[in-house]
2 protein chains.
Amino acid sequence: MSNEEERATPPGSLSHRVPDLGALELLLAVARLGSLGGAAREVGITQPAASSRIRSMERQLGVALVDRSPRGSRLTDAGALVTDWARRIVEAAEAFDAGAQALRDRRDSRLRVAASMTIAEYLLPGWLLALRAGRPDTAVSLLAGNSAAVAERLLAGEADLGFVEGVSVPPGLDSAVIAHDRLIVVTAPGHAWARRRRPLEASELAATPLILREKGSGTRQVLDAALGGLARPLIELSSTTAVKAAAVSGAGPAVLSELAVGEELAMRRLVRVPVEGVALARDLRAVWPTGHRPVGPARELLSLTRGKSGPSGA
Amino acid sequence: MSNEEERATPPGSLSHRVPDLGALELLLAVARLGSLGGAAREVGITQPAASSRIRSMERQLGVALVDRSPRGSRLTDAGALVTDWARRIVEAAEAFDAGAQALRDRRDSRLRVAASMTIAEYLLPGWLLALRAGRPDTAVSLLAGNSAAVAERLLAGEADLGFVEGVSVPPGLDSAVIAHDRLIVVTAPGHAWARRRRPLEASELAATPLILREKGSGTRQVLDAALGGLARPLIELSSTTAVKAAAVSGAGPAVLSELAVGEELAMRRLVRVPVEGVALARDLRAVWPTGHRPVGPARELLSLTRGKSGPSGA
DNA sequence: ATGAGGACATAAGCTGGAGTTATGAGCAAC
DNA sequence: GTTGCTCATAACTCCAGCTTATGTCCTCAT
């Protein structure tokens, strides 16, 4: 017996310590219905299967999750907590599913969307879920690319609605601002800047090597423009996520879209560094071919993306 | 409850359409390392297993994720997107794991935390992850309960650090404000209030039946106090999550902690309704027995919870 | 009481997915 | 060429999770 079951973090990574999605869904169903059998029915398995599954989940976690009684099952206190955490996983999985489905459908879709990377990454899955809630039968296809690619698709009639994050709107397209985004400077909590109280100035930012997206990315363009083309890279990485990962690991300060780091900030994996005197704001826009106001599903989706603003006005 | 389950998508719920955590972790490793074999090594399986796993994931999603070449593998455009969505799932799973581990350890923990439900639900997993990053070997145990239970544990010496969200600090404890929370009114996007521009007034809020936590919950107490004991329930539910679910499904307006609905607001599953003239703010506090300033791991955790504030001062 | 019905547990057997080893094939650099 | 990296394919093993069948415990109605 070379290895012990519990060690700080055994090699069997997450998948061995976290129940699989099916089990989590089952747990949510138990929480909602107050019965193992009922939950089993809902997820389409038999009662003994559900019983065994919950039990093995309890064994895996080392915590009692449900109080079984001859007339139903209720969650333990710990179970309630676990269930809430589980729900976050399931919600992320739902977003994944919505996105993946759009990525696949491609062919017979009633709504074809083209979006820039940042938007496709962080906002679109949520919109798709909302759309699915309202119009369950709308098949959506998604194509992700930069602003130029989005414009091209729209003008070629290969997409019904586009989303871009650039500073300018490609020619031939009408647009509506649907949200505002801002680039922010972040560091790992341990970094010296994390404890700054006085805002950074443009000159400091320009003088410091930063973790950045590669040249040509929307994010980088905005930053370079704001600093006058002077941003000095510590490393250049080709995805927002890679930049985040590098920043979290403490490699240095990074500049990223506010959208990309919401969760990291909330969980304090990253800390925002205040900045002054640098224009890092940008608009997120929905776009469509001039004159072709979105109709049908496209209009539906467009309206979802604009929370509390009033009606449109191309 | 009593609402129709989704149909649009086939019965095989999520778990059949979303790859399991192991596969997602593998995908992240491939993205990071640029090689199937390397990723396989990292997650502790053989190269053929990784190859087959990625392939079956591509089959499942109906999208090519990686471009394989005789000298490495790079992500497809779609693959990059999928990987980013996958990362959200994995991060939620990490938080789950951190929380679940704390729930289990219980006995030989070097740091015993007692926290109120809302904090345990939404903030603690993130803190635990951050703590684990800095001090990988700190075993933490977690006990969730209401303010009174937290105080009791602390005073009995059964917990080293507590977190409460009440309006007042239980006697015998010192405290430090670590964050501010606020109750907010939310509705599904379809609700009439979602389109309001003029803020609600206290009288309107008090006159409208709301989806609420049960009497006695911290959330409900704050609301009742703010309205003068007048909150009128449409339904009373026993968990924050149940309230959210009801609100999302359009049952009516709900009152919830800002913390609880961040994601729903971002994804526009819920819309915030502005309110005026009602005191819905509350402090989140760390607490400890009077005189026993947190030391060691407790101090470590405490400092994590306060992002940019300076040193403490009981 | 007593029997019906609901809810969970246990037992035994089946199946498929994911893992393994072994091997082959394409491409690069020396 | 040969070495060394990559990935793919094949044949086999094994276990997690499913099913059906049955048992126990409790509650409620007759």
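These figures come from a predicted structure and were not determined experimentally. Just so we're on the same page: letters track the sequence lines, and every chain starts at 1.
- Between B/Arg55 atom CZ and D/dA10 atom C1' the separation is 14 Å, expressed in whole Å.
- For B/Asp20, the listed nucleotide lying nearest its side chain is C/dA18; candidates were C/dG26, C/dA18, D/dC18.
- Across the protein-nucleic acid pair, A/Leu33 atom CG and C/dG6 atom C1' stand 15 Å apart, rounded to whole Å.
- Put simply, CZ on B/Arg74 is 15 Å from P on D/dT6, counting in whole angstrom units.
- A 4.5 Å side-chain heavy-atom check between A/Pro19 and A/Leu61 finds at least one atom pair inside the cut-off.
- Residues A/Arg213 and A/Thr240 have side chains that bring a donor and an acceptor to within less than 3.5 angstrom of each other.
- Contact annotation for A/Asp67: no contact, since no heavy-atom pair falls under 4.0 Å across all strands.
- Nearest nucleotide to the B/Thr46 side chain, out of D/dC18, C/dT20, D/dT20: C/dT20.
- Nucleic acid contact class of B/Arg41 (heavy atoms, under 4.0 Å, all strands): sugar-phosphate only.
- In this structure, of D/dC7, D/dC18, C/dG6, it is D/dC7 that holds the atom nearest to the side chain of B/Ser73.
- Atom P of nucleotide D/dG17 and atom CD of A/Gln60 are separated by 8 Å, given to the nearest angstrom.
- Between the CD1 atom of B/Ile45 and the P atom of D/dC7 there is a distance of 12 Å, given to the nearest Å.
- Residue whose closest nucleotide on DNA chain D sits further toward the 5' end, between B/Gly72 and A/Ser52: B/Gly72.
- Relative to the side chain of B/Arg53, the nucleotides D/dC25, C/dC8, C/dG19 differ in distance, and C/dG19 lies closest.
- The base of D/dA8 sits with one of its N or O atoms less than 3.5 Å from a complementary donor or acceptor on the side chain of B/Gln47.
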Salt bridge (Lys or Arg N to Asp or Glu O under 4.0 Å) between B/Asp67 and B/Arg74, intermediate numbers included:
CA-CA 5 Å; B/Asp67 272 335; B/Arg74 283 203 61 64; over 6 Å; no
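- For A/His16 and C/dG19, the NE2 to C1' distance is 10 Å, given to the nearest whole Å.
- Remark: A/Arg68 is not in phosphate contact with C/dA7, judged by side-chain N or O atoms under 4.0 Å from OP1 or OP2.
- We find that B/Arg53 and B/Asp20 are joined by a salt bridge, their nearest charged nitrogen and carboxylate oxygen being less than 4.0 Å apart.
- Residue B/Ser51 places at least one side-chain N or O under 4.0 Å from the OP1 or OP2 atom of D/dA8.
- Each of B/Ala49 and A/Ser69 lies near DNA chain C, and the nucleotide nearest A/Ser69 is the one positioned closer to the 5' end.
- Atom pair B/Leu36:CG and C/dC27:P shows a separation of 17 Å (rounding to whole Å applied).
- Using modelled atom types, one finds no donor on one side chain facing an acceptor on the other under 3.5 Å when comparing B/Gln47 with B/Arg41.
- B/Arg71 has no side-chain polar atom (N or O) that falls below the 4.0 Å cut-off from OP1 or OP2 of C/dG26.
- For the pair A/Met57 CE and D/dA16 P, the interatomic distance rounds to 16 Å; values are reported in whole Å.
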